[in-house]
Amino acid sequence: MVSCPCPGVSVSGIAFEAELNAEQLAAVQARDGAVLVIAAAGTGKTRTLVYRVAWLVEQGVRGENILLLTFTNKAAAEMMDRARDRVGADALHGMWGGTFHHVGNRILRLHAEKIGYQRDYTILDADDQKSLMKTIYEELGHKGNKEFPKPEVLLSLFSLAVNKEEDPHDLVIDRFADFHADIEAILKVNERYQERKAELNAMDFDDLLVKAVKLLEEHEGPRQYYQHLFRYVMVDEFQDTNPVQARLVRLLSEGSGNLLVVGDDFQSIYGWRGADYRNILEFPQQYPDVQEYKLVTNYRSVPGILNVANRCIEGNPEQFQKELKAVRKEGVKPVLARLQDGRHQSRYLVSQLRGFRRLGYEWKDMAILYRAHFHAMEMQLELNREGIPYAITSGVRFFEQAHIKDVLCLPRLAANPKDELAFARLVGLLPGVGPKSALSAWSKLGRRFNPLDSGDRNRLMTSLPKRGKPVWEPIHDALEETEPEILTRNPGEIVFLFLEAFYEQYAVNSFDNAPQRMEDIHGMAEDCANYANLDEFMNELALQTNLDEAAARDGETADQVRLCTIHQAKGLEFPVVAVLWCADGMFPSKRSLDDPDSGGESEERRLFYVAATRAKDRLILGMPQMRKQRDGGMIYYAPSRFVEELGSSLLDIERGGYY
């Protein structure tokens, strides 16, 4: 139906040529067929999709014949609202817009009986899934077994298998290969989970996609109906789709062949959760007659920032090569700050933040981005000391996270043997120990426990329930074999002993992102070497906790520096951005480089690109050169390979200077 661009003002008064740049206009007015729009950072992706909807309506396409697929309800609502503002609500009557799961649900509600479900099936949310899994655990004899993976862990693992279209057996083997785990028992849980959902006429979120695909693939009637209904299918953020979503898109669009996908392969950073960037990279092979358009005119960042982003990302060979072009006038160059260590980095950046504040920026205009949570630990401490308000996108400050609180129980008790809360948390991690048995053990110990005291450790062994004793024993032995003076001098050593003797296995069974949490713990334990002794570290920790509580009592202000991981920052933008720990092994992450399933260097490079393109006016790359180890030695870091590739001409080099 859409065959050629029509110049001038439309019948609804939209001046397409005046309101869009040439790149956007070409994509908006693309003819029928498969269309690939590569929309680089800050180039008006959402605007282009909104005007594409308006353009289709202008050409006589009915709202009910348009399908817009997005990744969040918020994105869908924003696009629909903006489109209604342009063409009016009546013109979009009947248009389908929403997340993949939303669309899958709408389809299944009309045809569920064809795949063995009733139309009034229940959708299980996260809490419902956990409740169902707990019932299955009880049926299979795993209830209360702390040595068996928690329901949340297996739910996450089984979901990943579904979204990556991989055999659950293979993923279970990969996850638990180095740990004690009953593989057959774990797979039996998945088998029973699928059976119970069917018995209950219930679907989880993954089923809304998988069952919709099954319905359309196996039943010609519904498939033809929706292929006829959706004459124009559009997909946002196509680089983030997984294999199941890509199949659903093909099934819905192959009737008319009118499929427009928008995305940026440079910003494909979610491989760890099942997204497959090959969906966008191989789109021209999947749809040979595709029309390709590139949006590269960037309205967000000053030229110096774009130069850094362009230079970095060109190092990835398998991608749609493109170069961001600036609209804004030249500003200051991005800064590479060569710093001594993490503490120096945090003090330097606080000074810079205060300087930007004096220049007229508000705290909320500034963001601190990092590759891993532990990179920001020293930054949080320094912001607290200096009284600078900050908010963490994840909502949980470093020392408030469950895994950090868990591994700090032993240091807390070593510093204060009367810390009943730390004791209850510690022994509560052990199998067979609940609140009552923890309180009983505490009473038998005389309401005090020092893990560095051999006598206290032996008394705890006799006070624990039968199931907890063999698990406590390796912790006891590890502490027994280490001189108390060493542990008193370095609390990080206590954490490492606890990790190796018990907590790593516990984390694998308890957290769906155990590798990242282990990285946090290792980072924190290494940082403990910066403190003179256990008491100094615990005093600092107590101070931060009290400051956090005081801030909560005083109420949070919207004017806060934002701290978040680069993954969480995607889609956001800030006038001022600082990136922490631009050092090889930290960013890029050694764990990611060593793990081929995580995307390796290519995905790390895309992360660096995303981080740089969040900045509008100012970009600071922090590059500490060393980090103290728990044995007193030093780790010396080379500059991040991404920074090294930039060359000195694109950056202003500073060596820890202050405003």
Side-chain angles (χ1 to χ4, degrees), residues 1-3 27-38 49 52-53 55-57 59-71 76 94-112 114-115 162-165 206-263 265 274-293 320:
M1 183 176 295
V2 179
S3 57
V28 163
Q29 296 182 337
R31 66 181 186 276
D32 283 1
V35 181
L36 172 62
V37 181
I38 303 297
L49 276 171
R52 175 65 174 179
V53 172
W55 174 257
L56 292 175
V57 171
Q59 307 311 302
V61 179
R62 296 165 61 90
E64 65 190 33
N65 297 135
I66 301 173
L67 169 63
L68 174 62
L69 288 164
T70 64
F71 274 86
M95 177 178 168
W96 284 40
T99 65
F100 290 87
H101 298 92
H102 170 78
V103 170
N105 180 48
R106 286 189 66 175
I107 292 172
L108 290 168
R109 287 297 180 191
L110 297 176
H111 309 282
K114 292 184 179 296
I115 56 170
V162 169
N163 286 293
K164 295 181 73 171
E165 294 188 328
D206 293 331
D207 290 325
L208 297 178
L209 297 181
V210 173
K211 304 298 185 187
V213 168
K214 176 181 174 66
L215 169 75
L216 296 174
E217 286 182 337
E218 297 180 358
H219 298 277
E220 184 177 2
R223 182 173 67 251
Q224 290 187 348
Y225 172 79
Y226 289 105
Q227 288 177 353
H228 178 75
L229 177 64
F230 300 133
R231 306 308 298 164
Y232 292 89
V233 177
M234 291 178 285
V235 186
D236 187 24
E237 302 283 13
F238 194 68
Q239 79 280 351
D240 293 334
T241 53
N242 62 40
V244 180
Q245 291 163 332
R247 284 171 64 194
L248 181 62
V249 168
R250 176 175 280 277
L251 284 164
L252 292 173
S253 65
E254 63 185 359
S256 66
N258 296 327
L259 169 63
L260 181 146
V261 301
V262 179
D265 54 312
D276 191 340
Y277 78 101
R278 290 174 298 183
N279 288 339
I280 192 168
L281 207 61
E282 298 174 2
F283 193 84
Q285 288 74 49
Q286 296 292 323
Y287 300 85
D289 296 326
V290 65
Q291 308 161 66
E292 293 186 33
Y293 300 91
F320 295 108

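Across all their heavy atoms, Pro243 and Asn163 have their closest contact at CD-O, 3.1 Å. Shown here for Val262 and Gln239, the closest heavy-atom pair between the two residues is O-OE1, 4.5 Å. When all heavy atoms are compared, the tightest approach of Lys114 to His219 is O-NE2, 3.1 Å. In terms of heavy atoms, Ala76 sits closest to Gly97 at CB-C, 4.3 Å. Scanning all heavy atoms of the two residues, the minimum distance from Gln29 to Arg52 falls at C-NH1, 3.9 Å. The shortest non-hydrogen separation linking Asn258 to Gly33 is OD1-N, 2.8 Å.
Going from atom CG of Asp32 over to atom CG of Asp289 covers 13.0 Å, rounded to the nearest 0.5 Å. Taking NE2 of His101 as the start and CG of Asp207 as the end, the distance is 9.5 Å to the nearest 0.5 Å. Distance check, rounded to the nearest 0.5 Å: CG of Asp276 to CG of Asp240 gives 11.0 Å. A distance of 9.5 Å separates NZ of Lys211 from CG of Leu108, quoted to the nearest 0.5 Å. Interatomic distance, Ile66 CD1 to Leu56 CG, rounded to the nearest 0.5 Å: 5.0 Å. To the nearest 0.5 angstrom, Phe238 atom CZ is 11.0 Å from Leu260 atom CG.
When side chains are defined from C-beta on, Trp96 counts as touching Ile107, because their heavy atoms get closer than 4.5 Å. Side-chain contact check for Glu292 versus Ile38: every heavy-atom pair is 4.5 Å or farther apart. Side-chain contact check for Leu36 versus Phe320: some heavy-atom pair is nearer than 4.5 Å. Taking the side chain as every heavy atom from C-beta outward, Tyr287 and Arg250 approach each other to under 4.5 Å. Between Leu49 and Val37, the closest side-chain pair of non-hydrogen atoms is not below 4.5 Å. In this structure, Tyr226 and Leu110 have side chains that are in contact, with non-hydrogen atoms separated by less than 4.5 Å. Using a 4.5 Å heavy-atom threshold, the side chains of Phe100 and Val235 count as touching.
More than 12 heavy atoms of other residues, nucleotides or ligands sit less than 6.0 Å from atom CZ of Arg223.
Scored by the ring pair (Phe, Tyr, Trp, His ring centres under 6.0 Å) test, Tyr293 finds no partners at all (sequence neighbours excluded). Applying the side chain to side chain donor-acceptor pair (under 3.5 Å) test to Gln285 and every residue at least two apart in sequence or in another chain returns nothing.
Within the 3.5 Å criterion, the main-chain N or O of Leu281 finds no donor-acceptor partner in the side chain of Asp265. The backbone N or O of Leu229 sits less than 3.5 Å from a side-chain atom of Asn65, completing a donor-acceptor pair. Of the possible donor and acceptor atoms, none in the side chain of Gln227 sits under 3.5 Å from a partner among the backbone N and O of Ser256. Gln286 places no side-chain N or O within 3.5 Å of a backbone atom of Ile280 that could act as its donor or acceptor partner.
The residue from Val249, Leu248, Thr241 that alone fulfils the side-chain contact (heavy atoms from CB on, under 4.5 Å) condition with Gln245 is Thr241.
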